[in-house]
Amino acid sequence: MPGKLKVKIVAGRHLPVMDRASDLTDAFVEVKFGNTTFKTDVYLKSLNPQWNSEWFKFEVDDEDLQDEPLQITVLDHDTYSANDAIGKVYIDIDPLLYSEAATVISGWFPIYDTIHGIRGEINVVVKVDLFNDLNRFRQSSCGVKFFCTTSIPKCYRAVVIHGFVEELVVNEDPEYQWIDRIRTPRASNEARQRLISLMSGTGSGSAGKEGGPLKALLRQQTQSALEQREFPFLTLTAFPPGLLVHVGGVVSARSVKLLDRIHNPAFVGIMGNTRSYKLLDWNSFNSDEPETRDAWWAEIRQEIKSHAKALGCHAVVGYSESTSICEEVCILSASGTAAVLNPRFLQEGTVEGSLEQRIEENLPVGCGFCHIPYDELNMPFPAHLTYCYNCRKQKVPDVLFTTIDLPTDAVVVGKGCLIQARLCRLKKKAQAEANATAISNLLPFMEYEVHTQLMNKLKLKGMNALFGLRIQITVGENMLMGLASATGVYLAALPTPGGIQIAGKTPNDGSYEQHISHMQKKINDTIAKNKELYEINPPEVSEEIIGSPIPEPRQRSRLLRSQSESSDEVTELDLSHGKKDAFVLEIDDADAMEDVHSLLTDVPPPSGFYSCNTEIMPGINNWTSEIQMFTSVRVVRLSSLNLTNQALNKNFNGLCENLLKSLYFKLRSMTPCCLCHVNFTVSLPEDELIQVTVTAVAITFDKNQALQTTKAHAEKSLQRASADNEEMLQFPLELCSDSLPSHAFPAAKEHLESASSNSGTPAAQRATSVDYSSFADRCSSWIELIKLKAQTIRRGSIKTTVTVEKASPMGDGNFRNRSAPPCASSTVGVVKMTPLSFIPGAKITKYLGIINMFFIRETTSLREEGGVSGFLHAFIAEVFAMVRAHVAALGGNAVVSYIMKQCVFMENPSKNQAQCLINVSGDAVVFVRESDLEVMSAQQPAVNCQPSCTGEVTT
Amino acid sequence: MTSELDIFVGNTTLIDEDVYRLWLDGYSVNDAVALRVRSGILEQTGATAGVLQSDTMDHYRTFHMLERLLHAPPKLLHQLIFQIPPSRQALLIERYYTFDEAFVREVLGKKLSKGTKKDLDDISTKTGITLKSCRRQFDNFKRVFKVVEEMRGSLVDNIQQHFLLSDRLARDYAAIVFFANNRFETGKKKLQYLSFGDFAFCAELMIQNWTLGAVGEAPTDPDSQMDDMDVDLDKEFLQDLKELKVLVADKDLLDLHKSLVCTVLRGKLSVFSEMETNFKNLSRGLVNVAAKLTHNKDVRDLFVDLVEKFVEPCRSDHWPLSDVRLFLTQYSVSVHSLDGFRHQVLWDRYMGTLRGCLLRLYHD
């Protein structure tokens, strides 16, 4: 669908002085889109030019509209020499392509230069007129929405779940040319920035990483996505009520691969090392051999799939893939949670017949997902099962590990907490094949130890389940690092965890015995203290009611994983730890001692603080509105070359603990508060350097209400769940019914085979009496379906717009004004940022589009900019500022599901240089404070409090 | 294991008021950490020294980045890099421009030039204020001075508009600018007993009454008129003050003036006889000060003269403040009854302000 892009350059402010003689600047602007460039007049001698240009009009195809960013360059006019660039602004116009999102982009954008950072601001207005050509529309993916959120956005509802979508795109990294100094650094940086953003535009799917799973896209879909049709891989971590039936456990797979540097200059993921940059995004690619990489991932997914099957599950949720590259060795990792999804949401035929029987008709609320999905007589591994402590009807495992968020209806005792397992292992420096082999050999031990540590720490906290588990294995020149983060909780449905028993092997030594018992006491004390701290006091249950546990070999692990290296050799680990009640730790060697010590050195957060890496903290429901999103980066240099594993572990442990302590200290004024979505990323940029990046959000909560009993919590969450349900039903039916006629839209039969897997109906819709399964049947191609959907959105939007206006008489502009505190002279509105999918105390009324930005910053005057810390501090602050400015220009007042996907930092202090590449993304939204909403609904009693249901869903 | 890089960046910029104060006071990171440790923060929060060090560094870095913006406060409001709630922005600005009493007394009335800047070392040693803090305060004075010296309109309003300071602080800066511009001597030993507040009070009165702006109308030809409305004293007025000399030069007038004052004040002053004997000296002093104001040098010495010619004589005779007030009131009012004196308006403009100043200056 072609369209007309219109751009107006209004004014600039705070421009840098470009002419030393006059202390002023003669600025003009170049506006470039595709191959067309327009220029404004030169505004002489001013740091605050008022160009007030005409409307520059670009007539373009929609492919360009989606792929290309609008490029605005501010220059200083020079009569005698070349014009000097002041800086650039890239504007992604994608959000303007959905009629129900933003209609205009207008505001002040920071002018960014890769060498100097932000240099003033420019006021730009951008509009798009799309020609509604229905025929062309069919080839278009205009209107397919992408979300960063890994749950279904609040004001949308899933109609159909299509499955995992991915797209691989490849390009040469211009950095290689830069290395050769063919171009100036600035030109190179800009070329890279542009290229990366272009690549991500083309492959916006990126479903594997953070991209919207439900909502993906694609003009060209790759084989692998089609292959997944039997087996939904979902990146969702939170689910609409009723979708998630059972959870099997974590499934993961890793594979070590050698990258052939000569033939494949572009890699997967963005990584750097001392010698050169390798660019890559794994949805980026080199057209030469995409098949190879497709095959690698296909292999891994196949493995995940078989693990999930072994757990009796037909789906993998909370799925993610990642890579770690060092030199030519690459570790591909994938992990997810095996699960059984409600077939009513999925297309028939997706779910194997045998599974159907396992799905109970009336799911017990709050514990159903804990019930084992596999056959207890035919278990894939030895497990310790008991009857569910909640409903007493079904079997549950003793410990549950998952990568998803805690389901909203889960019954939890007490509060949760962040649990981390940290591990370093030295590795000999090696090249190529030998290196890959060394890494492959280390991986199983790393996994095992990380798992053991997690289990120990979980027991020490007196909890029995982990959510949001994320295990990151990073490979460096001479070491491997493993960091696992998860949120521990006590699920009421699972049995009380046993304690930790310490056993020594030399029982006759008196002093040793004493030492052991001393240690044992310390551990017992810690467990007791933790139970108190996290308010874990489950109701006593007598054994008779529950029935005796099934007498079977027991084990603690739900974790199935495997490693494979290039040779495809697969190693299965038996992670069962054998003993019955208490978890036994034998402390014979130094390693075990170390383990016990590290268990005890983890300091709990200071009072008033809680932390978790999931969206919300289990056990806290009464959030207040103050939020503070932050990014913290630390790089430490290991002191000695002759490090031992123990010393390394201690250092790494200390680094993480100190980082957490620093965060608690910095945010102390916000207490009582909770650090949510704590996301640690470890990288090993150089031999002796460890870089840890943390992004999280601190949210305040009301302490008084937090002291409510657990029962109240459970009730509350139930109420909340049902309230959510009701809200969903209030979705304007017009829109749904409107899509019915569109079924008749001629569907392309040749895609028939792919359709079956990719559609389904949500529970909420059953109530609408619209038969969506037949809808899905009739719609034979998922691509067609998306198009229909897109069209529906467009058509439906007219109606829903009316709804919106009725419901929000104040208009978006007013909301924005409201959220910005009244400050007579300041024109800068507040934009909130959060890695969560929601904003506490507020309702998201509109999704304006995805924000996905790449920045490169370089300096050749590192010392003058305050050293590495000063340089990176300023850069990250600038990145935040640019994200906020783009959101504000779209008319939004917040970014949700914000994530810093990459932060690659490199320095060369001897040359006084440093360079950093950052990729951030999130969803731009408009939110309204709940208190404001109440005022509004009071004014407009006829309208229910869901003014935001504008959209339909996308997949 | 050494930390190469350690940063924390919040979407809302974190401002720690205590650390900000330490930074403003010019302490190095290490000194600031030591001071924070001494404040007992480690015990309160359970943090370690390392955490404190890292936190302090972070804040210092933030302040360093903000400093450029604080030099032109409106920029702080419009910039996009740091998201800071308006109340915090106001706090940052206000604190940045706040100065130490001890420092301002050293610099008040001095030319804000490089030469004075070189003396900052000595001032730092003398006052115990760190050199860094002295520099900031001096640079603030100079920056405000540069921005408003050529500007028309109310001095306080101009300062407020360009530096977004509170009313109180803007008034103080107005005094500093006014003193710096007129180079009033404030450093003499006999003036040491006076506080900045005393001078600021006088400055305000003088700005209100003795400058061009005080006349209430713009000069007829703005282009030729080089004097600034509020910053410079009204030259014409100073010239006219010579006319007051007749009050002491004309013996009859002086005697008449004295008798008028004495008649009214008899029995009302505890120091009546001292007043009676000193009347002529005091009157000569006050009128001569006025007559001399045509010379820049004498303008500079205004406060020295006032203290020498009036405050000290009265103080040595132990005049209570209430008597000084009564005397000055009667002294000014009585002139209206002097038939031969034609400069009543001029006298009131001069004495009204001088009376206010003298009362403020009259203390131990």
Side-chain angles (χ1 to χ4, degrees), chain A residues 13-14 108-110 118 121 603 606 627-639 651 654-655 658 661-669 689-691 697 821-823 825-828 830-834 866-870 872-874 876-878 880-882 884-885 898 905 907, chain B residues 1-19 36 41-42 44-66 68-69 72-90 93 160-161 164:
Chain A
R13 68 183 182 195
H14 305 150
W108 288 98
F109 293 88
I118 291 177
E121 289 124 37
V603 186
I627 65 170
Q628 166 71 293
M629 189 283 296
F630 58 84
T631 292
S632 186
V633 183
R634 272 191 192 188
V635 176
V636 295
R637 185 176 290 280
L638 299 166
S639 47
N651 277 338
L655 170 60
N658 275 328
K661 273 185 213 157
S662 269
L663 299 181
Y664 296 138
F665 181 75
K666 283 200 172 288
L667 299 163
R668 65 193 184 284
S669 64
L689 292 184
I690 305 177
Q691 178 188 328
V697 62
C823 177
S825 39
S826 176
T827 52
V828 185
V830 172
V831 175
K832 301 221 174 202
M833 291 170 76
T834 171
V868 287
S869 295
L872 196 60
H873 191 147
I876 291 179
E878 288 179 339
F880 285 1
M882 287 184 277
R884 288 193 301 258
Y898 167 83
F905 174 75
E907 55 169 322
Chain B
M1 191 173 73
T2 50
S3 219
E4 290 270 302
L5 184 157
D6 179 3
I7 57 160
F8 175 98
V9 190
N11 183 39
T12 302
T13 306
L14 279 186
I15 307 288
D16 186 308
E17 288 185 42
D18 298 331
V19 184
R36 293 183 81 187
I41 196 162
L42 295 187
Q44 285 162 32
T45 59
T48 61
V51 165
L52 205 58
Q53 173 89 19
S54 135
D55 179 66
T56 311
M57 288 280 277
D58 248 330
H59 285 301
Y60 267 54
R61 222 171 13 244
T62 307
F63 298 144
H64 182 73
M65 285 189 262
L66 285 170
R68 188 177 53 86
L69 299 163
K75 270 193 187 163
L76 184 69
L77 263 61
H78 294 288
Q79 55 83 32
L80 302 176
I81 298 179
F82 302 97
Q83 184 159 273
I84 305 171
S87 61
R88 289 262 138 175
Q89 287 180 345
I93 296 167
Q160 244 175 332
Q161 196 190 330
L164 310 173

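In what follows, every chain begins at residue 1, and chains take the letters A, B, ... in the order their sequences are listed. These values consider heavy atoms only, across backbone and side chains, with no hydrogens, waters or symmetry-generated copies.
The candidate with the highest count of non-hydrogen atom pairs below 4.5 Å against chain A, out of B:H59, B:M57, B:M65, is B:M65. Annotation: maximal heavy-atom pairing with chain B below 4.5 Å, among A:V831, A:T631, A:V633, A:I627, occurs at A:V633. Between chain A and the residues B:T45, B:D55, B:I41, the largest count of heavy-atom pairs under 4.5 Å involves B:D55. Chain B forms more heavy-atom pairs under 4.5 Å with one residue of A:M629, A:R668, A:R884 than with any other, namely A:R884.
The line from CZ of A:F665 to CG of B:L42 is 7.5 Å long, rounded to the nearest 0.5 Å. Here the CD1-CG distance, from A:I876 to B:N11, works out to 12.5 Å after rounding to the nearest 0.5 Å. From A:F880, atom CZ reaches atom OG1 of B:T12 across 10.0 Å, with rounding to the nearest 0.5 Å. For the atom pair A:S669 OG and B:L14 CG, the distance stands at 6.5 Å (nearest 0.5 Å).
Heavy-atom distances place no part of A:Y664 under 4.5 Å from chain B, backbone and side chain included. The part of A:E907 that comes within reach of chain B is its side chain, from C-beta onward, which places non-hydrogen atoms under 4.5 angstrom from that chain. With a threshold of 4.5 angstrom between heavy atoms, A:L872 approaches chain B through its backbone and through its side chain.
Using a 4.5 Å heavy-atom cutoff, the side chains of B:D58 and A:K666 are in contact.
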- Item | Audit row: A:R634, B:S54, side chain to side chain contact (heavy atoms under 4.5 Å, CB included) steps and yes/no | CA-CA 10 Å; A:R634 272 191 192 188; B:S54 135; 3.3 Å; yes
- Item | Steps toward side chain to side chain contact (heavy atoms under 4.5 Å, CB included) verdict (A:H873, B:T62) | CA-CA 8 Å; A:H873 191 147; B:T62 307; 3.4 Å; yes
- Message: Could you go through B:L80 and A:E121, starting from their C-alpha distance and side-chain angles, then the distance that decides it, and tell me whether this counts as side chain to side chain contact (heavy atoms under 4.5 Å, CB included)?
- Response: CA-CA 9 Å; B:L80 302 176; A:E121 289 124 37; 3.5 Å; yes
- Query: Between A:F905 and B:L5, is a side chain to side chain contact (heavy atoms under 4.5 Å, CB included) present by the stated rule, with each step listed?
  - Reply: CA-CA 10 Å; A:F905 174 75; B:L5 184 157; 3.5 Å; yes
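Taking the six-membered ring for Trp and thresholds of 30 and 60 degrees, A:H14 and B:H78 have ring planes inclined between 30 and 60 degrees apart.
Nearest heavy atoms, B:R61 versus A:S869: NH1-CB, 3.1 Å.
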